[in-house]
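Numbered from 1 within each chain, the chains take letters A, B, ... in sequence-line order. Side chains are part of it too, since the values below use all heavy atoms of this structure and drop only hydrogens, waters and symmetry mates. Fair warning: this is a prediction, and the values are worked out from it, not measured in the lab.
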Number of protein chains: 2
Amino acid sequence: MLTRITVAGGGTLGSQIAYQTAFFGKQVIVYDINDDALNSAKNRLSALDQHYQQDMSATTAQLVATHDRLSLSSDPNVAFANRDLIIEAVPEVPEIKTNLYQQIAAISAPQTILASNSSTFLPSQFAADTGAPAQFANLHFANSIWKHNTAEIMGHSETSSQTIQQLTDFAREIHMVPIVLNKEQPGYVLNTMLTPFLEDAAYLWGNDIVDAPTVDRTWMIGTGAPEGPFGIIDKVGLRTFYSIEQQRVADKPAYQPMLTKIKQMIDQQLLGIETGHGFYTYPDPAYLKPNFLS
Amino acid sequence: MLTRITVAGGGTLGSQIAYQTAFFGKQVIVYDINDDALNSAKNRLSALDQHYQQDMSATTAQLVATHDRLSLSSDPNVAFANRDLIIEAVPEVPEIKTNLYQQIAAISAPQTILASNSSTFLPSQFAADTGAPAQFANLHFANSIWKHNTAEIMGHSETSSQTIQQLTDFAREIHMVPIVLNKEQPGYVLNTMLTPFLEDAAYLWGNDIVDAPTVDRTWMIGTGAPEGPFGIIDKVGLRTFYSIEQQRVADKPAYQPMLTKIKQMIDQQLLGIETGHGFYTYPDPAYLKPNFLS
């Protein structure tokens, strides 16, 4: 059983992974590059208390125990030595990942499993840098991991079946639903479907075929979903959606009006839930009101 | 207000449109080409009683009144003269539609609105055949219209705003939620999003990246939807999905394994809900069981 865990990178998702892992009984070190980064991580970890109280009915005793199992370090020799599992959640910049993996390779114990939370890169791109390709795979979490509790597990061709099994068991132990991919797939399972879906919805709005609430209403009635694509884009954040779409639709003229309109919204600080305004106004967005579907 | 309605074509969806329209107080003639077709339509209309009892809590008195407002005719002079609205729901064959529209043009009153339920054709393709393009638009219903109660309304460039308004009012009067498109869009709103979404899901399964229940589980957890894409494909029916996809992915090698596997399922009579077996077994498919998401 994997019990001594390090999460490398204490950003939004790294903090959530560390918190969830400690909440369910693991010893967790959060590694980041300097004291400033660690202080930000510390604040993020504290801010998660209220979410676990609200959404997971966590008791005060559970929160205290969670923080007791969490420690912070910017010392690679502390963070990477003698760990069962190191989860990498650093920025999506290949050089940063490569440098980190080589650093880990120099310090870590022979049995250490290394897992990347990368949304955009395949494990085969970095396997050689890790020095232990059989013990390397991606382990991908969604934002608000305590609520959206899938852990997508994706190896490369040299990942051992034992590594996949250990990551699967670990995911269950921290109350995630493991989604094991049989082969590499950019976007894993969820984003392979979700990203083009959001893009097609944005096309309909961008080209003035219908407005955004009409798109969401149609999807919600037609499929019974609790929210439509623009409700989801508000959660993802318009800046994140824009940066993904800039890459994806660069050569598709039909999608340029959508991109332009998203950019205009970003310029007006209509960023989604994070600013309280996006396609809807928060809290209490129109799509949750009783008359929205009629 | 549009009150004298004809539905041309008494197939699955034509019968549902006629029934829903009569249920909400309109006088409805179901037109079809001969007595055999009309007898089939009559059986379909009777079979709808139980759905309106179960899903709409319809009383016996309401069912009787609905059938009192429904009549059947294979005489174009009865079916097309002096009607406020003729809804075309005949097979998706251009020649059949063109012939029908020309027949209607020769008989119908000057104020008659003509609306096509076509899923695949744009109104601009047939506007000239109708003889009254300003009074012609598409009015598109989903299967099981009493439950999936959107009515997508799509004009062509010459459709009058009055026609769009009258169809919108009519949709509300028969308890549909009108979804008005500002311009022509193949697939309307729902299928513009739904069809590629189902296709991407089928790609993941077809290429053995994950199995079908895992795809659905991931989508259901990730978006809170009550069912995943393979649950939807079972409802749509594998034959319908196959015939749509044959056209769409003809030039896309990555989707051929999915097509081949769908064809194999069809050959084994795994057609979806209609045969009780598809990606799931009915009734009580696995995705509705409590442990499916854990």
Side-chain angles (χ1 to χ4, degrees), chain A residues 142-143 147-154 172 175-205 207-211 213-229 231-232 235 292-294, chain B residues 142-143 147-154 172 175-205 207-211 213-229 231-232 235 292-294:
Chain A
N143 199 8
K147 285 191 294 186
H148 301 124
N149 63 330
T150 53
E152 295 180 296
I153 297 166
M154 177 167 76
R172 288 211 181 277
H175 286 225
M176 307 301 289
V177 177
I179 305 294
V180 181
L181 285 77
N182 298 323
K183 45 183 100 162
E184 291 191 315
Q185 166 65 25
Y188 304 84
V189 177
L190 184 59
N191 285 337
T192 292
M193 297 184 282
L194 187 62
T195 307
F197 164 67
L198 299 178
E199 189 173 293
D200 288 333
Y203 163 89
L204 288 167
W205 160 79
N207 291 285
D208 295 320
I209 293 162
V210 277
D211 61 20
T214 300
V215 172
D216 279 5
R217 180 178 299 117
T218 308
W219 184 256
M220 291 166 74
I221 296 174
T223 69
E227 63 195 7
I232 296 175
K235 285 185 177 175
F292 186 72
L293 298 185
S294 62
Chain B
N143 199 7
K147 284 190 294 187
H148 300 125
N149 64 331
T150 53
E152 295 181 294
I153 297 165
M154 177 166 76
R172 287 210 181 278
H175 287 225
M176 307 301 289
V177 177
I179 304 294
V180 181
L181 285 77
N182 298 322
K183 47 182 96 160
E184 291 190 316
Q185 166 66 25
Y188 304 84
V189 176
L190 183 60
N191 285 338
T192 292
M193 297 184 283
L194 187 62
T195 307
F197 163 67
L198 298 179
E199 189 174 293
D200 288 332
Y203 163 88
L204 288 167
W205 160 78
N207 291 284
D208 295 321
I209 293 161
V210 277
D211 62 19
T214 300
V215 172
D216 280 5
R217 181 178 297 119
T218 307
W219 184 256
M220 290 165 75
I221 296 174
T223 70
E227 63 197 6
I232 296 175
K235 285 185 176 175
F292 186 73
L293 298 184
S294 61

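Heavy atoms of B/E152 lying under 4.5 Å from chain A belong exclusively to its side chain. Neither the backbone nor the side chain of B/D211 comes within contact range of chain A; no heavy atom of the residue lies under 4.5 Å from a heavy atom of that chain. B/L194 touches chain A through backbone and side chain together, each having a heavy atom under 4.5 Å away. Only the backbone of B/Y188 comes within less than 4.5 Å of a heavy atom in chain A; its side chain stays farther off.
Note: A/S294 leads A/P229, A/A142, A/S294 in heavy-atom pairs under 4.5 Å with chain B. Between chain A and the options B/V177, B/I209, B/T218, B/I221, heavy-atom pairs under 4.5 Å are most frequent for B/I209.
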message = Does A/W219 form a side-chain contact (heavy atoms from CB on, under 4.5 Å) with B/V189? I'd like the steps, not just the answer.
response = CA-CA 8 Å; A/W219 184 256; B/V189 176; over 6 Å; no
task = Test B/N207 against A/Q185 for side-chain contact (heavy atoms from CB on, under 4.5 Å), laying out the working first.
result = CA-CA 10 Å; B/N207 291 284; A/Q185 166 65 25; over 6 Å; no
message = Checking A/V180 against B/V210 for the side-chain contact (heavy atoms from CB on, under 4.5 Å) test, could you report, in this order, the C-alpha distance in whole Å, the side-chain angles of both residues, the deciding distance, and whether it holds?
response = CA-CA 7 Å; A/V180 181; B/V210 277; over 6 Å; no
query = Hey, mind stepping through A/T150 and B/R217 against side-chain contact (heavy atoms from CB on, under 4.5 Å) and telling me if it holds?
reply = CA-CA 9 Å; A/T150 53; B/R217 181 178 297 119; over 6 Å; no
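Remark: A/D208 pairs with A/K261 by the salt bridge (Lys or Arg N to Asp or Glu O under 4.0 Å) rule, at least two apart or across chains. Residues satisfying the salt bridge (Lys or Arg N to Asp or Glu O under 4.0 Å) criterion with A/E184, sequence neighbours excluded, are absent altogether.
Side-chain contact between A/M193 and B/L204 is present, with heavy atoms from C-beta onward closer than 4.5 Å.
Contact between B/G224 and A/P226 at its shortest, heavy atoms only, is O-CD, 3.3 Å.
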